[in-house]
Amino acid sequence: MAELGRRVGIGLAARGDVRDVTAWARRAEDLGLDSIWVHDSYFERDPITYLSAMGMETRRIGLGAGALNPYTRHPVVVAMTMSALDDLAPRRVTLALGSGLPLRLSQMAIPYDDTVARVSESIDQIRRLWSGQPLKLNDKVPPLQPMFQPPHRIPVYIAAYRTPFLDLCGEKADGYLARPAESLPAFQKMRARVLESAAAHGRTAGDIDFRGYLLCLFDSSRQEALNRAKREPFVIYMISVLSDISMKRAGFDPALRSQIATAWRAEDYHRAGELIPDELLDAFILCGTVNEVAARAGAYHEAGMDVPLLQPILQETAQIDAVLDAAVAYASESATRATSPAAVTSPPPLAGEGRVGARLGRRLAGAWEVVRPFSFTASVLPVSVGGAIALGQGRMHWPLFVAALLGALGLHIGTNVINEIYDVRHGIDSITSPRMSMAILKGRISERDAFVVAWSGFTLALLMGIFLVLHRGWPIVLLGLIGFIGGYFYTAPPFQYKYRALGLPLVFLLMGPLMVVGSYFAVTGAFDPNLLIVSLPVGLLVTAILHGNEWRDVAEDTRHGFTTFSAQVGREAAHWVYVMLVLGAYVAVGLAVMVGALPTLALLTLFSLPLMAWILRDAERGAEGHLRAIAMIDLMTARLHSAFGVLLLVGLVAGSAVR
């Protein structure tokens, strides 16, 4: 077990696999951390179960239950529970009591009364039971006698921020637990009030231990972490429920919180994120690299927090790894040189930064992001279907097929990049937008370099087109021009047909019939009317990708004065159009098999139905108002398109082989 220079712990929510959380507890103990605290997350899982599992798997690290409240857990039940937990982890258990949240208690129809008196009374009752004494709660019946063994001493902390609770903490608690998202100025004021109350009751500062949950979000830089935080619904929720007192203590106007809360209640997370300034996030959340977060924790320690409890906003492996690293960095005092957001805005340069290779690597990474490779299936599949039909007819010409495939990819790359450039120019894309690519917004690639990438794609398409024209003649010129005009002017002026409610029909035609029929012609030099039927399922799913994007972005598009199909028909109708496009692809395959345009083995596409059901479930949740469920609907639909496409191609090739 490691020895650290300062005490530090971590905070976790009662969510996720209990076995994973237990493994994190073992790691924290091996690293020498002081304690792990699990708070009572409303309507998630039971924190005591997690703490019990941790107690079984660890031997030294402290286990904190906090904050529990006397409304959802009767004081007698709390006393019983903590006694059992103390038996499992002797002398390692701590209890924090709070008032509970009025909204959550109301949702459970639990009355909410004088919370300070209730918590104070609960502390007395719990301690009495722990001492083995009887407790009389009802004069009409005999007092209850605790039948559990008195535990070792269990410290009791107060976890509430109102002034009467601070006074109560100074009077009778063993410590104070600051809630998540507490600003540094607020903590300083609350600590001073607790110590003032303690002195009035004949206690010293050493009688009270100060701890607090410090919400953390890690990324490659502070700015990246701040940008990411603005896209997290939990962060927006935490900012939305800040009290007027918390806002004022941190130096902010409560009216700002009210605006954010209004957008949050409407589940317009994009708008809510836009309203949150960096300074507000910095006041309540530790955002940045491992060392930057450790430095911010050091600032709380300097303000009198004896044991900071670093809590990852995202309870996932990468963030847990980072929070443990930050805890060790803080405890080893390696990050105490910087103690404020202003001091950590310029992190030390990374190894190799400034070298030509590193710069080139970053530019290539930006280019890779801006071309949106996850969407390439939308062009690869239609061309591949045309090629598979030609292969089944014994008419495959591999060099021409490869040229058609590369040409389609070139057009697709150029279209994707031009689309992002003009979305940024129009103000539709912002740092809080739920996009798969933010390369231009985040400065990973300049607009000029993005244009270079776009025209590189179009140039590749031109070169492949010239090669195909030499073999197939003027029809390739016409097909290429239609593809270029359709791709470039999707969002670019003067046509911008996406914003004239023409995006869906044109995308269906361009990436359905045009690509399937065009690739077949490029390979064989002939047209086959049956391919129009074959192209229907391909075109429908590609259109679903684009429609999902429009449906998700309808609020931003409308706010900027653009008219998309989804904006015209409304959210509810847009949802049903999405469902029909997805289901229509499967119906089209069935019809194509019935009329003989596709082999029976094309029904292998039905194996993708479970993925389709999962996506449509999220779409249903999005239609009900849970917009976060469709934040990545374009990516999810592209994955369905990929699975569907691979199965269709296997069916086409296998079907031709067994004829």
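Everything numeric here is computed off the predicted structure, so don't read it as measured data.
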Expected list for residues 463-474: side-chain donor-acceptor pairs under 3.5 angstrom, two or more places apart:
from : atom 1 : to   : atom 2 : distance (Å)
H471 : ND1    : F467 : O      : 3.0
R472 : NE     : A522 : O      : 3.1
R472 : NH2    : V523 : O      : 2.7

In a table with atom names and distances, give each donor-acceptor pair under 3.5 Å that connects a side chain of residues 501-517 to protein atoms at least two apart or in another chain.
none

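Under a cut-off of 6.0 angstrom, the local environment of CZ in R571 is crowded, with over 12 non-hydrogen atoms contributed by other residues, nucleotides or ligands. Y42 OH: more than 12 foreign heavy atoms inside a 6.0 Å radius.
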* Given the rule in the side-chain contact (heavy atoms from CB on, under 4.5 Å) test, do L226 and Q223 qualify, once you have shown the distances and angles that lead to the verdict? -> CA-CA 5 Å; L226 289 169; Q223 192 59 56; 4.2 Å; yes

* Report the C-alpha distance between V417 and W455 in whole Å, list the side-chain angles of each, state the deciding distance to 0.1 Å, and finish with yes or no for side-chain contact (heavy atoms from CB on, under 4.5 Å). => CA-CA 9 Å; V417 180; W455 283 106; over 6 Å; no

* Evaluation steps, side-chain contact (heavy atoms from CB on, under 4.5 Å), between F458 and I413 -> CA-CA 8 Å; F458 290 136; I413 288 170; over 6 Å; no

* Decide yes or no on side-chain contact (heavy atoms from CB on, under 4.5 Å) for T491 and D423, but give the supporting numbers first. => CA-CA 7 Å; T491 54; D423 274 350; 4.1 Å; yes

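The aromatic rings of F401 and W398 sit perpendicular, their planes meeting at an angle over 60°, well past the 30° parallel limit. In this structure, Y578 and W551 have tilted ring planes: the angle between them lies in the 30° to 60° band. Between Y422 and Y488, the angle of the ring planes goes over 60°, which puts this pair in the perpendicular group of the 30/60° scheme.
Taking each heavy atom of A643 and L611 in turn, the nearest pair found is CB-CD2, 4.1 Å. The minimum heavy-atom distance linking V385 with L652 is given by the pair CG1-CD1, 4.1 Å. Nearest heavy-atom pair, L405 versus S384, reported as atom, atom and distance to 0.1 Å: CD1-OG, 4.4 Å. Annotation for Y520 and F527: closest pair CE2-C, 4.3 Å, computed over non-hydrogen atoms. For the pair S608 and L640, the tightest heavy-atom approach, listed with the atom from each and the gap, is O-CD1, 3.9 Å. Shown here for L409 and S379, the closest heavy-atom pair between the two residues is CD2-OG, 3.7 Å.
Atom OG1 in T605 sits 7.0 Å away from atom CG in L647 (nearest 0.5 Å). T564 contributes atom OG1, which lies 4.5 Å from atom CD of E550 (distance to the nearest 0.5 angstrom). Here the CD1 atom belonging to I313 is positioned 5.0 Å from the CG atom belonging to L217, to the nearest 0.5 angstrom. Here the CG-CD1 distance, from L281 to I276, works out to 5.5 Å after rounding to the nearest 0.5 Å.
At distances below 3.5 Å, not a single donor-acceptor pair connects side-chain atoms of Y490 with backbone N or O atoms of N416. Between the side chain of Q315 and the backbone N or O of G16, no donor-acceptor pair lies under 3.5 Å. N419 contributes no side-chain N or O that, together with a main-chain N or O of T415, makes up a donor-acceptor pair within less than 3.5 Å. The closest donor-acceptor contact from the side chain of R552 to the backbone of M632 lies at 3.5 Å or more, if one exists at all. Of the possible polar contacts, one joining the Q319 side chain to the F218 backbone as a donor-acceptor pair under 3.5 Å is found. With hydrogens and angles disregarded, a donor-acceptor distance shorter than 3.5 Å links the side chain of S221 to the backbone of E224.
Two residues are said to be in side-chain contact when any heavy atoms from C-beta on lie closer than 4.5 Å; I615 and V582 fail this criterion. Side chains of K230 and D278 form a contact here, defined as non-hydrogen atoms less than 4.5 Å apart. In this structure, the side chains of F451 and I418 come closer than 4.5 Å at one or more pairs of heavy atoms. For the pair I320 and D20, the minimum side-chain heavy-atom distance is 4.5 Å or more. F521 has its side chain within reach of I476: a pair of non-hydrogen atoms, C-beta onward, lies under 4.5 Å apart. In this structure the side chain of L381 reaches within 4.5 angstrom of the side chain of L649, judged on heavy atoms. For the pair L532 and L536, the minimum side-chain heavy-atom distance is 4.5 Å or more. Taking 4.5 Å as the limit, some side-chain heavy atom of L648 sits within range of a side-chain heavy atom of V538.
A salt bridge is defined here as a Lys NZ or Arg NE, NH1 or NH2 lying under 4.0 Å from an Asp or Glu carboxylate O, and R222 with D282 meets this definition.
Aromatic rings from Y586 and F644 are positioned such that their centres are separated by under 6.0 Å.
Contacts classified as salt bridge (Lys or Arg N to Asp or Glu O under 4.0 Å) and involving residues 449-464 (residues at least two apart or in different chains) are given here: R363-D449.
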